[in-house]
Amino acid sequence: MDESFTTKRLLTLRKLTRAVADLMRAQLKEHLATLAPLLRPRGVLGEHVASDSKEYVKGADAAFKDLQALYGKVAASRPFSLQPELTSPLDLVSGIPEITPVEYVHAAQSGGDSKTVAVTCPLKWVLSYAGFGPRRLRELLAERTRTTNDLAPALQHFLMLNTVLARQPGLVRILEGLRFTLATGPAAGFGELPMVTIASVITTVRPPDALLIESTEVSGADAFEEIVNLGDLANLRDPFREKLVELARLHGEELPAAPAAS
């Protein structure tokens, strides 16, 4: 076991992690509420999204073709096995962004002990439209009595978000300036579905398996929450300030040292 981790220290780090996560999650929700108009599917897909009003959007036809191609690829593959056709206009149930902490399954092993643990990343979230998060999609895939009318809209909302973000590079840069990074990639159990995640620049880490197993034995639950990476807190940088400092240097100026804190 890594000597830097002990059960006592883990308890302290867990409290710190939750405090940091509460702060970052609150900030992210506030940012997303402000940016919500830019995440509207109709703002990119225009009249390919059903509405009582007309709204011409430049590039909407090309965006819808991209969405059709993506849907055709993902829908026909496992575990969805849906008809790949996507027809316009699409019915929009929700265009409000929401976040859900990323979860994954880890097979912990230490000596002769082994345990399957559900791990949560408290500073990394799946970005989706409200009501169509990963948990809802997982529930639909697990339902034997589900219908195409249930699963197809959920998949469409995931892919509409992908299309919106692909057409809004400025939105990605705004979030990066606010210390959050966007990424798109596959997630276990969802086949070829490209899932959008948004993460804080402060990361979290999973402690050694021996401590992980010990912690879950004490709690009585096969679940664990990663802990904040203290190195990220110590090395937190301001990219914008660094660019300004570099510009000053290129023009032959060295900035005076910051005054010492009193």
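None of these values were measured; they are calculated from a predicted model.
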Contact check, side chains of [X] and [Y], non-hydrogen atoms, under 4.5 Å:
{"X": "L230", "Y": "L13", "value": "yes"}
{"X": "T116", "Y": "V105", "value": "yes"}
{"X": "L28", "Y": "I99", "value": "yes"}
{"X": "L70", "Y": "V74", "value": "yes"}
{"X": "F80", "Y": "L141", "value": "yes"}

[Y] backbone acceptor or donor facing [X] side chain under 3.5 Å:
{"X": "N229", "Y": "T204", "value": "no"}
{"X": "E226", "Y": "C121", "value": "no"}
{"X": "S94", "Y": "A130", "value": "yes"}

To the nearest 0.5 Å, tell me how far [X] [atom1] sits from [Y] [atom2].
{"X": "Q156", "Y": "L82", "atom1": "CD", "atom2": "CG", "answer": "9.0 Å"}
{"X": "I227", "Y": "L123", "atom1": "CD1", "atom2": "CG", "answer": "11.5 Å"}
{"X": "L127", "Y": "L161", "atom1": "CG", "atom2": "CG", "answer": "5.0 Å"}
{"X": "L140", "Y": "F132", "atom1": "CG", "atom2": "CZ", "answer": "8.5 Å"}
{"X": "L67", "Y": "L45", "atom1": "CG", "atom2": "CG", "answer": "6.0 Å"}
{"X": "E47", "Y": "D61", "atom1": "CD", "atom2": "CG", "answer": "9.5 Å"}

Which pairs, with at least one residue in residues 11-34 and sequence neighbours excluded, count as a side-chain hydrogen bond (donor to acceptor under 3.5 Å, both in side chains)?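 Listed by first then second residue: R14-S215, D22-R25.
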Full working for side chain to side chain donor-acceptor pair (under 3.5 Å) between Y71 and Q83: CA-CA 9 Å; Y71 184 84; Q83 291 297 316; over 6 Å; no
Strictly by salt bridge (charged side-chain N to carboxylate O under 4.0 Å, His left out), give each pair with a member in residues 94-112 just once, sequence neighbours left out.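 Non-adjacent pairs meeting salt bridge (charged side-chain N to carboxylate O under 4.0 Å, His left out): E103-R135.
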Please collect all salt bridge (charged side-chain N to carboxylate O under 4.0 Å, His left out) contacts where either partner lies in residues 110-132, sequence neighbours excluded, each pair once.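 Qualifying pairs, neighbours excluded: K115-E217, K115-D222.
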Look at atom CD1 of I96 and say whether more than 12 heavy atoms of other residues, nucleotides or ligands are closer to it than 6.0 Å.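 No, the 6.0 Å shell around CD1 holds no more than 12 heavy atoms from other groups.
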Results of side chain to side chain contact (heavy atoms under 4.5 Å, CB included) for P101 - residues two or more places apart only: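 With sequence neighbours excluded, P101 shows a side chain to side chain contact (heavy atoms under 4.5 Å, CB included) to T120, W125, given in chain and number order.
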I need the minimum non-hydrogen distance between [X] and [Y], along with the two atoms involved.
{"X": "A248", "Y": "L255", "answer": "CB-CD2, 4.2 Å"}
{"X": "R138", "Y": "F190", "answer": "NH2-CE1, 3.5 Å"}
{"X": "T184", "Y": "V196", "answer": "OG1-CG2, 3.9 Å"}
{"X": "L92", "Y": "P41", "answer": "CD1-CG, 3.8 Å"}
{"X": "R42", "Y": "A50", "answer": "NH1-C, 4.4 Å"}
{"X": "P194", "Y": "N162", "answer": "O-ND2, 2.9 Å"}

Tell me, with the steps shown, if F224 and S219 meet side chain to side chain contact (heavy atoms under 4.5 Å, CB included). CA-CA 9 Å; F224 189 85; S219 67; over 6 Å; no
Before giving the answer on side chain to side chain contact (heavy atoms under 4.5 Å, CB included), spell out for L159 and L193 the whole-Å C-alpha distance, their side-chain angles and the decisive distance to 0.1 Å. CA-CA 8 Å; L159 297 181; L193 172 64; 3.6 Å; yes
One pair to check against side chain to side chain contact (heavy atoms under 4.5 Å, CB included): V44 and M160. What are the steps and the verdict? CA-CA 9 Å; V44 169; M160 277 193 284; over 6 Å; no
Determine whether [X] and [Y] fall in the same hydrophobic cluster, where Ile, Leu, Val, Met, Phe, Trp and Tyr are linked whenever their side-chain heavy atoms lie under 4.5 Å apart.
{"X": "L212", "Y": "L16", "result": "yes"}
{"X": "I213", "Y": "Y104", "result": "no"}
{"X": "V57", "Y": "L165", "result": "no"}
{"X": "V205", "Y": "L11", "result": "no"}

Suppose we screen for side-chain hydrogen bond (donor to acceptor under 3.5 Å, both in side chains). Which residues come up paired with S88, at least two apart in sequence or across chains?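 Scan of S88 (side-chain hydrogen bond (donor to acceptor under 3.5 Å, both in side chains), adjacent residues dropped) gives H48.
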Show me the donor-acceptor pairs, under 3.5 Å and distance only, between side chains in residues 232-247 and residues at least two apart or in other chains.
{"residue": "D232", "atom": "OD2", "partner": "T203", "partner atom": "N", "Å": "2.8"}
{"residue": "D232", "atom": "OD2", "partner": "T203", "partner atom": "OG1", "Å": "2.4"}
{"residue": "N235", "atom": "ND2", "partner": "G231", "partner atom": "O", "Å": "3.0"}
{"residue": "R237", "atom": "NH1", "partner": "E242", "partner atom": "OE1", "Å": "2.7"}
{"residue": "R237", "atom": "NH1", "partner": "E242", "partner atom": "OE2", "Å": "3.3"}
{"residue": "D238", "atom": "OD1", "partner": "F240", "partner atom": "N", "Å": "3.2"}
{"residue": "D238", "atom": "OD1", "partner": "R241", "partner atom": "N", "Å": "3.3"}

I'd like to know whether K73 forms a salt bridge (charged side-chain N to carboxylate O under 4.0 Å, His left out) with E192, so could you lay out the CA-CA distance, the side-chain angles of the two residues, the decisive distance to 0.1 Å, and finally the verdict. CA-CA 8 Å; K73 176 184 176 182; E192 297 188 48; 3.8 Å; yes
Pair L175-T181, side chain to side chain contact (heavy atoms under 4.5 Å, CB included): steps then yes or no: CA-CA 6 Å; L175 287 168; T181 58; over 6 Å; no
Using only heavy-atom distances, determine whether the side chains of Y129 and R40 contain a donor-acceptor pair under 3.5 Å.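 R40 and Y129 do not have a side-chain donor-acceptor pair below 3.5 Å.
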